[in-house]
Each structure stands twice: as C-alpha cells, then as structure tokens.
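Chain letters run A, B, ... following the sequence lines, proteins first, then strands; residues in each count from 1.
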Amino acid sequence: MSTNPYHIPMSIRVRFAPSPTGYLHIGGARTALFNWLYARHTGGTFVLRIEDTDDARNTQEAVDVILSSMRWLGLDWDEGPTTGDASAAPKGDLGPYFQSQRRDIYQSHIDKLLAADKAYEQDGAIKFRMTREPVIIPDMVCGDVNRKLTAREEADPDFVIVRSDGKPVFHLVNVIDDLEMGITHVIRGEDHLSNTSKHIQLFKALGAECPKYAHIPLILNGDGSKMSKRDRGASMTTYMEEGFVPEAVINYLCLLGWSPKDDRQKMNLQEVIDIFDLPQILRHNARFDMDKLVSLNGQYLAELDSETYRTLAENSLKQSGITLESFPTEYVQAAIDSTAGKLKQVSEIKDYAVFYFQNPEEVEWDAEASAKLLVMENHAPISALRDAFDALEPFNAESVQGAFKSTAKELGVKVGALVNPVRLACTGKTTGPSLYHLIEILGKDRVIGDINKALDRMQGNA
RNA sequence: GACCCUAUCGUCUAGUGGUCUAGGACACCGCCCUUUCACGGCGGUAACCCGGGUUCGAACCCCGGUAGGGUCGCCA
C-alpha cells in the first residue's frame, strides 16, 4: 500500500466507450472530453473502446463518424482503434478495442460466474445473482450515493447478463472490459448512476476492485428537455459540416458543467488541462446555449490564420452552391479576406459576401433600404461620386476613400450620405465588408455599372 | 409507481455562515468609437424555487414540499 493519502493509483486509466448507433452526440463528446482532460491532467492513459454489441443498431458508418468526430475535436486516444475497421491492428496492448472482437474474454468470465453460482440460467438466458441490500456508490462528483432497491427490484433484483441468443449485455461487457483494460476511473453520464450498483456488484463477483466513479450531469435543450437527434446542435456532425472552429466547440463544452472558478471564459486546452479535476465538476444538468457557442466561435474565427480561414470560407461558399472555380484565385482570396474578423460563423459568409460572386443584375437590393436611400435627392451627389470614380487612377481602397472624402467635402455632405447608397448599389445590403476594400476588389467597371443602375432607380423612384 | 441526482439573472456560471445592496460571460437595451456591420470601450435591465428550522447572522447547514432530470429492458 502506498503512503498516498488519497490512494490515487500511480497511473490513471480512463476510457470513452461509445456505442456506434449514430453520430457523436454533444453529450458524448463532452464525456469524451472530460475523460481526455482527466487523463491529460494526471498524465494518465485515455482509452477509446467501441461498444458494438448491438448488431441491430450498430453501423460501420457510425464507427467512422465517431472516430472522425473525436479527431476533429482533437481528442486523441492513447489506446484504441486506429481505423474504423474492427479487424485492423489497434493501438495499445489490451485490445481488441471493439467489443464485437472480445467474445472469448467475456465467455471465460461468464463461465467463472456460473461455476461459482454467482449467475444462473433461466429461460435460456443467464442471470446474475444481485444483492438485495442497498449499494453505496462512491462517486467523485455526487458523493456517496445510497442506491436502494426500486419496487421492481425488490420483487426480483437479479438481472440478465447473457441474452437467450447467447449475447452478453451491456452491464456485463462494460464491467469486464473496464476490468480487463485496467480502467481506474469511470467518468460517464449521470444516466448511468442508478445502474452503477449493478456494476459494483459485478466487479465484486468477478473478484475485482471497482474503479472510482464520476458521473457527470447531462446536457439538456434550452427549454430543459432532453436533447435528441432532431435538436439543433445535438450532433457533432453539424459543427464539422458548418465549419465551426473545433477549439471553440471544445472551449464551450469545457464551460458546461465545469468552471475554472474565476472569470475566464475563453481558455485554450492547455489552460484547462492544468487545472481540470473531477471534484469541481458541477452536479446539476446544463442547458445547451447555441448563442454562447456561436459567440465563442466568432472569437476563435477572428483569430484564425488567414490560410485556415480561407479554407473554411471556401468550403462554406462551395457548400452553399457558389462556383468559386469560375473566378480568379486572387479575386476569391481578396473577397474572402475582406470578410475576416466579421463573422461569428463561417456559414454566414454566403449572405455576407454573395455579391462578390453574382452577376451585377443578380444582386437584389434590400427593398426597405432601397426605398430610403435610392431617392432623387441622392442622385446629384452619387453621380458626382460616380464621375470622381470614373477619373480615378489608380482605383484602389485608398484612392476610393479619398474620392469619397473629397466629394463629400465639395458637396458639403457627410461621407455616410455617399457611403450608404453606394454600399446598397454594390452589395444590395446595408451591412458588409469594408466598402472601400470591397469596391477595390469588385473593380471600377463593375462598381460604376452598379452605381449607374442605382442612379436609374433613383429617377424611377422619383 | 419505486429509486437516484439536482435547484443562484432568460442561459452558462462565481459564491462553501458575516467581505453579497450576490460577481463574470452569452443574449438583450442605451451610449461612445466608426465608411456599414462586426470588434472594442462605457453603462443598464435581470437571479439566490417555496416553507420550516439551526444560528447573533444563511444563497451557503438541516428537514419538508415543489419543480426538472435520470434509472428501474434478454437497448447501450
């Protein structure tokens, strides 16, 4: 026995054990994250195990999605599958890491339980002789939980560990794997708390010490209801497809059910690793707030290097049906660069910058703004500006800005009086990238054409 | 129905008996900055679920309600 007063094993081993029945749920992602953080904080080992015992619901695609989601989030595992192929060589010595490959291991334990009369056969299934006493569940988040029997369990506390079709059930395989894989801390969703009494008894029957438990609260919808597949934000796939910044998603997840205890919100992973620990995990469920995630995402987006930002932006633009290939590379880059630091989500870029990639006649003016800005009294000033543009050489952001200022001064109007109608003329909107830069990118011909069209409208509105 | 967990602004949270006329962030509102928007800055609205105790003193401790969530499967 060590002299360590907390009896913390030398090497901590934790695991994330998803069942491949669909995408990676945001709650699952956070469970994975908390396990990962604990492993990294303690210098321990993070194991990924695929619990694919339900052939009716498991799919290969789901396995691949889980692995790619984990990788996207940056949650690397020290042991586990290297690919979605269950027969491929894994990383780590305690595999296989797919439960579907571990039948022999389960069978030997089942035989032992049967031989010791700790389990028995009934109707072709095998049932475990469960205690009739309450079970104390020591939990690092919830404290000691005194799990009494429910009415149903009072009637028959024993439960099935092997189905009549010969397949072992979750409770059994989960415990055997944690035992065989030397898992020291089980960090999982609170939905497993009640069932932990079964697991503790199973460990005992198998002649093993049970691991330490930490049941973390669940993530609920904004209205407090349970998050299901349909709910926006529930699937990690959404974040990958919509071009979220993985660091932002991770940062947000850290703040759900855990807190650095000071006023920090935006934290990099290393900062979190340094101070993350199990006892500070909150005990109550948290509601998912897309607004806050998006806000955080905007902060990370603004800090991205231009290369990464361009890639994200290009993908988003292509996804929304814009054929970037028909534009010069420099033009596309300049257009994208003019949106940098402006968006909270890259997926907003379509609405924000679509005018760059439309034919002038496709740009639709916002009706309300058009009625307000494209009026006859703006005709003279804007045509004066048009003439100034016409004579401008070179035609760039700097010279354009000069033309705005000098024209405004000559006419005795505010720059804004010229800026707003021109922005509408060129982009169709009242918001967007820096007008001077956008005008340079669009080029003189296009801009003068847009302005002329707006001048016609002013006369038409008269 | 039984059993378990939980309860601070709309949301995420800080707070572990006095320093709380309860702090921060998102969202919202106002002002400033500004070529629009966003950013940034300043300010504002907004919370201790209810009822009993314990105590000189309770958001913090205890009990009871209530509410939300979870579990009771030959699903995981």
Side-chain angles (χ1 to χ4, degrees), chain A residues 17-21 51-54 56-58 99 122-127 134 137 139 141-143 145-155 157 159-171 173-174 189-198 215 217-218 220 222-226 252 255-266 282-296 298-299 301-302 339-344 348 352 369 397 400-401 404-405 408 414-420 422-424 427 429-439:
Chain A
S19 173
T21 56
E51 305 219 332
D52 55 345
T53 53
D54 184 352
R57 296 198 303 152
N58 296 151
Q99 288 186 330
Q122 186 182 80
D123 300 326
I126 297 174
K127 292 180 82 174
I137 304 168
D139 189 278
V141 172
C142 301
V145 174
N146 186 6
R147 172 62 227 277
K148 302 190 193 83
L149 305 215
T150 64
R152 194 191 164 90
E153 289 164 343
E154 289 282 4
F159 58 93
V160 170
I161 53 175
V162 181
R163 296 184 278 220
S164 52
D165 64 5
K167 288 190 190 125
V169 305
F170 162 76
H171 299 299
V173 295
N174 187 268
E190 194 200 85
D191 49 339
H192 289 292
L193 181 56
S194 291
N195 281 328
T196 302
S197 55
K198 293 188 176 81
H215 286 91
L218 273 18
L220 273 24
D223 64 2
S225 61
K226 186 176 179 174
Y252 177 70
L255 264 19
L256 272 191
W258 177 86
S259 153
K261 305 294 183 193
D262 52 32
D263 291 339
R264 278 178 292 177
Q265 306 283 329
K266 185 164 178 293
L282 275 323
R283 278 162 276 261
H284 59 268
N285 294 343
R287 298 180 185 204
F288 177 76
D289 182 4
M290 186 58 106
D291 281 346
K292 186 154 183 171
L293 202 189
V294 166
S295 165
L296 225 29
Q299 293 179 50
L301 208 50
T339 68
K342 299 284 200 170
L343 310 174
K344 290 186 174 179
E348 294 166 357
Y352 196 76
V400 163
Q401 178 172 5
F404 267 105
K405 292 212 164 137
K414 287 185 177 175
V415 179
L418 301 176
V419 160
N420 293 321
V422 173
R423 174 182 294 285
L424 182 66
T427 71
K429 296 188 180 60
T430 55
T431 64
S434 161
L435 183 62
Y436 306 144
H437 291 87
L438 134 202
I439 284 175

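- More than 12 heavy-atom neighbours from other residues, nucleotides or ligands sit within 6.0 angstrom of NZ on A:K266.
- Under a cutoff of 6.0 Å and an axis angle of 45°, A:K342 and A:Y352 do not form a cation-pi pair.
- Among the protein residues, A:S295 comes within range of the sugar-phosphate backbone only, with heavy atoms under 4.0 Å from sugar or phosphate atoms but none that close to a base.
- Taking atom P on both B:A59 and B:C72, the two are 39 Å apart, rounded to the nearest angstrom.
- Below 30°, between 30° and 60°, or above 60°: for A:F404 and A:Y436 the angle between ring planes is between 30° and 60°, a tilted geometry.
- No donor-acceptor contact under 3.5 Å links the side chain of A:T430 to the base of B:U36.
- Look at the P atom in both B:C9 and B:G23: the space between them is 14 Å, to the nearest Å.
- Distances shorter than 4.0 Å separate some side-chain N or O of A:R163 from OP1 or OP2 on B:C75.
- Residue-level contact check: A:R152 touches the backbone only, with heavy atoms under 4.0 Å from sugar-phosphate atoms and none from bases.
- Among the atoms of the strands shown, base atoms are found under 4.0 Å from some heavy atom of A:Y352.
- The side chain of A:D289 lies closest to B:U11 when the candidates are B:U6, B:U11, B:C75.
- You'll find that the side chain of A:H192 is closest to B:A76, out of B:C26, B:A76, B:U36.
- Using Watson-Crick or G-U wobble geometry with both donor-acceptor distances under 3.5 Å, B:C74 finds no partner in any strand shown.
- Between B:U11, B:C4, B:A76, one nucleotide has an atom nearer to the side chain of A:L193 than all others, and that is B:C4.
- B:C26 sits 15 Å from B:U45 when the C1' atoms are compared, rounded to a whole Å.
- A:T21 comes within 4.0 angstrom of nothing in the nucleic acid, heavy atoms only.
- Distance from the side chain of A:S194 is smallest for B:U71 among the nucleotides B:A14, B:U71, B:C74.
- Nearest nucleotide to the A:C142 side chain, out of B:A14, B:G24, B:C5: B:C5.
- Evaluation of atom-type donor-acceptor distances gives no pair under 3.5 Å for the side chain of A:Y252 against the base of B:C12.
- Using a 4.0 Å cut-off, no side-chain N or O of A:K226 falls inside it from OP1 or OP2 of B:G69.
- Phosphate proximity of B:U13 to A:H284: present, with a side-chain N or O under 4.0 Å from OP1 or OP2.
- When the P atom is used for both B:C60 and B:G15, the distance is 15 Å, rounded to whole Å.
- Nucleotides B:U8 and B:A58 place their C1' atoms 14 Å apart, quoted to the nearest Å.
- Distances from the side chain of A:N420 to the nucleotides B:C72, B:U36, B:A7 place B:U36 closest.
- In this structure B:U19 sits in no base pair that meets the Watson-Crick or G-U test at under 3.5 Å.
- Nearest to the side chain of A:V145, among B:C74, B:C4, B:A76, sits B:C4.
- The backbone N or O of A:P217 sits nowhere less than 3.5 Å from a side-chain atom of A:N285 that would complete a donor-acceptor pair.
- Partner assigned to B:C49 is B:G65, using Watson-Crick or G-U wobble distances below 3.5 angstrom.
- You'll find the side chain of A:Q299 stays beyond 4.5 Å of the side chain of A:Q265, heavy atoms only.
- When the nucleotides B:C4, B:C72, B:A76 are ranked by their closest atom to the side chain of A:F170, B:A76 comes out on top.
- A gap of 25 Å separates the P atoms of B:U11 and B:G52, to the nearest Å.
- Looking at the side chain of A:K344, the nearest of the listed nucleotides B:A27, B:A14, B:G24 is B:A27.
- Under 4.0 angstrom from either OP1 or OP2 of B:C72 there lies at least one side-chain N or O belonging to A:N195.
- The base of B:A14 does not come close enough to the side chain of A:K261 for any donor and acceptor atom to sit less than 3.5 Å apart.
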N/O-N/O pairs, protein side and nucleotides 61-67 of chain B side, under 3.5 Å:
none

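- The residue A:L282 sits close only to the backbone: its heavy atoms come under 4.0 Å of sugar-phosphate atoms, none of a base.
- Base pairing of B:G30 is made with B:C42, judged by Watson-Crick or G-U wobble geometry with both donor-acceptor distances under 3.5 Å.
- Minimum atom distance to the side chain of A:T150 is reached by B:A2, of the listed B:A25, B:A76, B:A2.
- Look at the C1' atom in both B:G10 and B:C29: the space between them is 14 Å, to the nearest Å.
- One P atom belongs to B:C4, the other to B:G40, and the distance between them is 47 Å to the nearest Å.
- Nucleotide B:U11 has B:A25 as its partner under the Watson-Crick or G-U criteria, with both atom distances under 3.5 Å.
- Side-chain atoms of A:K342 come within donor-acceptor range of the base of B:U36, with a qualifying N/O pair under 3.5 Å.
- In this model, the phosphate group of B:G69 is not approached by any side-chain N or O of A:S225 to a distance below 4.0 Å at OP1 or OP2.
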